[in-house]
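See structure below.
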There are 2 protein chains.
Amino acid sequence: MRQRTRRAILDAAIALWSRDFSASLGDIAERAAVSRSTLHRYFPERQALVDAALAEAVAAIEREGEKALVGCRTAVDELSALMRAGIDNGDAILFLFSDPNRFAGNPYWDESEDEDVLGVITRAQAEGGIAADVTPGWILGVFYSLIYTAAEAIASDQLPRHRAVDVAVRTFLHGVGSGDSGAH
Amino acid sequence: MRQRTRRAILDAAIALWSRDFSASLGDIAERAAVSRSTLHRYFPERQALVDAALAEAVAAIEREGEKALVGCRTAVDELSALMRAGIDNGDAILFLFSDPNRFAGNPYWDESEDEDVLGVITRAQAEGGIAADVTPGWILGVFYSLIYTAAEAIASDQLPRHRAVDVAVRTFLHGVGSGDSGAH
DNA sequence: TGAAAATGAGACATCAATGTGTCATTCTCG
DNA sequence: CGAGAATGACACATTGATGTCTCATTTTCA
């Protein structure tokens, strides 16, 4: 029970704070189907919950990202797999990146995931699967933006999950142009 | 002076709330280089400032979008122009769309801009410039996401403004793939 | 079953943000 | 210049979120 409750609170915090960081602890407790008393037993201060949610979100992304990479042959394959994993953890992505400065200086803020993805991107550029005349930083931003957009489309029932993943990967690689106009 | 002060407060509110909606009125007053007293004279309650900022952001987007459309020949041209205009008003875009539910039910919340862009998108699909096998809703989401990403890249000095616009439009139409792999 | 753990309910105290006033100072413009 | 508008600097009350505590109830597990 102990772990289940903690998990419910963290999930609720990430789900709510990913959309609105001003959500109160009362809101989170309600979402987690837990009393505010219990929430305070697990996380005595608001900041403690922020830190734990941050650590949990980072861990989830790393964990799922790791799993997604098995069996990939090219760097582009890896990016597609990471995008799928990111969409499946849309709340965590959104929570981490909705405000790039929110966690600046927080010891639990870990940019290694950024570094990992950037590595895959530069590798994909070297392999010729990703345009080499655009900065990796821009590509990383597009990568996360499309994950966000796909997660949002799923959450609002605009697209089924599998369709959202396909369309996001396709948009990432080829854009939404018809394809018959000359690429740059 | 009266109008200038009001404008400074609205700009500060949009700039701060676009990144962090929990920013306090004190933060906004400081950013606007104005005392909290003055802020309260212009906007007696927090909600009044929220409403005014919302109305101002909507108006700015509509106004700049309108201006951007002159001289466009194709619907794809219009989308490119709208994207440029959006990036130039990145704070307003971000403020309006960072939380799609924040302004639900607010009388100043106007979805007509959404409708306008959706119209251009379907027109572009009919003209053959935009893929017709993807939902307009998805394309709209990608459109705004790339505006956000470009505005963020500019704000963090990763890309100069003109370069960000170019790269965003190109990504919108052709993605970040190298282009020599078969498009869908 | 029965003790220990976990939880819920609620009464507080505290604190930061917000809202409301007053008064002095600065500025704008006739 | 000088009156009126605009602003800044406070003091203060209010409010909602947060943090702390106690006690009753429920759940878990040996």
Side-chain angles (χ1 to χ4, degrees), chain A residues 1-57 91 94-95 98-99 101-108, chain B residues 1-57 91 94-95 98-99 101-108:
Chain A
M1 268 299 119
R2 182 97 190 156
Q3 285 311 307
R4 189 204 301 276
T5 301
R6 180 185 157 87
R7 196 47 178 273
I9 295 173
L10 287 177
D11 287 347
I14 292 174
L16 289 185
W17 281 344
S18 66
R19 310 307 167 103
D20 178 12
F21 193 58
S22 63
S24 73
L25 299 182
D27 296 334
I28 292 170
E30 184 180 2
R31 167 82 167 236
V34 145
S35 75
R36 207 164 64 84
S37 304
T38 298
L39 190 151
H40 268 90
R41 274 190 203 95
Y42 283 79
F43 306 98
E45 305 167 4
R46 180 190 169 102
Q47 189 58 43
L49 179 54
V50 172
D51 292 345
L54 172 55
E56 166 60 25
D91 281 353
L94 194 42
F95 173 64
S98 64
D99 179 358
N101 297 350
R102 176 168 303 155
F103 303 120
N106 190 310
Y108 297 93
Chain B
M1 271 298 120
R2 183 95 191 157
Q3 285 311 307
R4 190 203 299 276
T5 302
R6 179 184 157 87
R7 197 48 179 275
I9 294 173
L10 286 177
D11 287 348
I14 291 174
L16 289 186
W17 281 343
S18 65
R19 311 307 168 103
D20 177 13
F21 193 59
S22 62
S24 73
L25 298 182
D27 295 335
I28 292 170
E30 185 180 1
R31 167 81 168 236
V34 145
S35 75
R36 207 165 64 85
S37 305
T38 298
L39 189 151
H40 269 89
R41 274 190 202 96
Y42 283 79
F43 306 98
E45 305 166 5
R46 180 189 170 101
Q47 189 58 42
L49 179 54
V50 172
D51 292 346
L54 173 55
E56 166 60 24
D91 282 352
L94 195 41
F95 173 64
S98 64
D99 177 0
N101 298 351
R102 175 169 302 154
F103 303 120
N106 190 309
Y108 296 93

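These figures come from a predicted structure and were not determined experimentally. A, B, ... follow the sequence lines: proteins, then strands. Residue 1 opens every chain.
To the nearest 0.5 Å, atoms CG (B:Leu49) and OH (B:Tyr42) are separated by 13.0 Å. Of the inter-residue distances, the one linking A:Asp11 atom CG with A:Asp91 atom CG reads 8.5 Å to the nearest 0.5 angstrom. The distance from atom CG of B:Leu54 to atom CD of B:Gln47, rounded to the nearest 0.5 Å, is 9.5 Å. Atom CD of B:Glu56 is separated from atom CD1 of B:Ile9 by 12.5 Å, given to the nearest 0.5 angstrom.
When rounded to the nearest whole Å, the span between CD of A:Gln47 and P of C:dC15 equals 18 Å. Separating the CZ atom of A:Arg46 from the C1' atom of D:dT20 is a distance of 18 Å, rounded to the nearest angstrom. The CZ atom of A:Arg6 sits 16 Å away from the C1' atom of C:dA6 (whole-angstrom rounding). In this entry the distance linking CD of A:Glu45 with C1' of D:dC21 reads 16 Å, nearest Å. Per the geometry, CG belonging to A:Leu49 stands 14 Å off C1' belonging to D:dG19, to the nearest Å.
Distance from the side chain of B:His40 is smallest to C:dT18 among D:dT18, D:dT7, C:dT18. With distances taken from any side-chain atom of B:Arg41 to the nucleotides C:dT7, D:dG19, C:dC23, the minimum falls on C:dC23.
Under a 3.5 Å cut-off, the side chain of B:Asp27 and the backbone N or O of B:Ser24 do form a donor-acceptor pair.
Relative ring orientation between A:Trp17 and A:Phe95 is described as parallel, the plane-to-plane angle staying below 30° on a 0-90° scale split at 30° and 60°.
Across A:Arg19 and B:Asp99, no two heavy atoms sit closer than the pair O-OD2, 3.2 Å.
The rotation axes computed at either terminus of the helix from C:dT1-D:dA30 to C:dG30-D:dC1 lie 30° apart, taking five pairs at each end and rounding to 10 degrees.
The salt bridge (charged side-chain N to carboxylate O under 4.0 Å, His left out) check on A:Arg31 picks up nothing, with sequence neighbours excluded.
A heavy-atom distance below 4.0 Å to DNA chain D is reached by these residues of residues 18-39 of chain B, ordered by number: B:Ala33, B:Val34, B:Ser35, B:Ser37, B:Thr38.
Between B:Tyr42 and D:dA6, a side-chain N or O to OP1/OP2 separation shorter than 4.0 Å is absent.
Sparse packing is recorded around OH of A:Tyr108, with 12 or fewer heavy atoms of other residues, nucleotides or ligands lying under 6.0 Å away.
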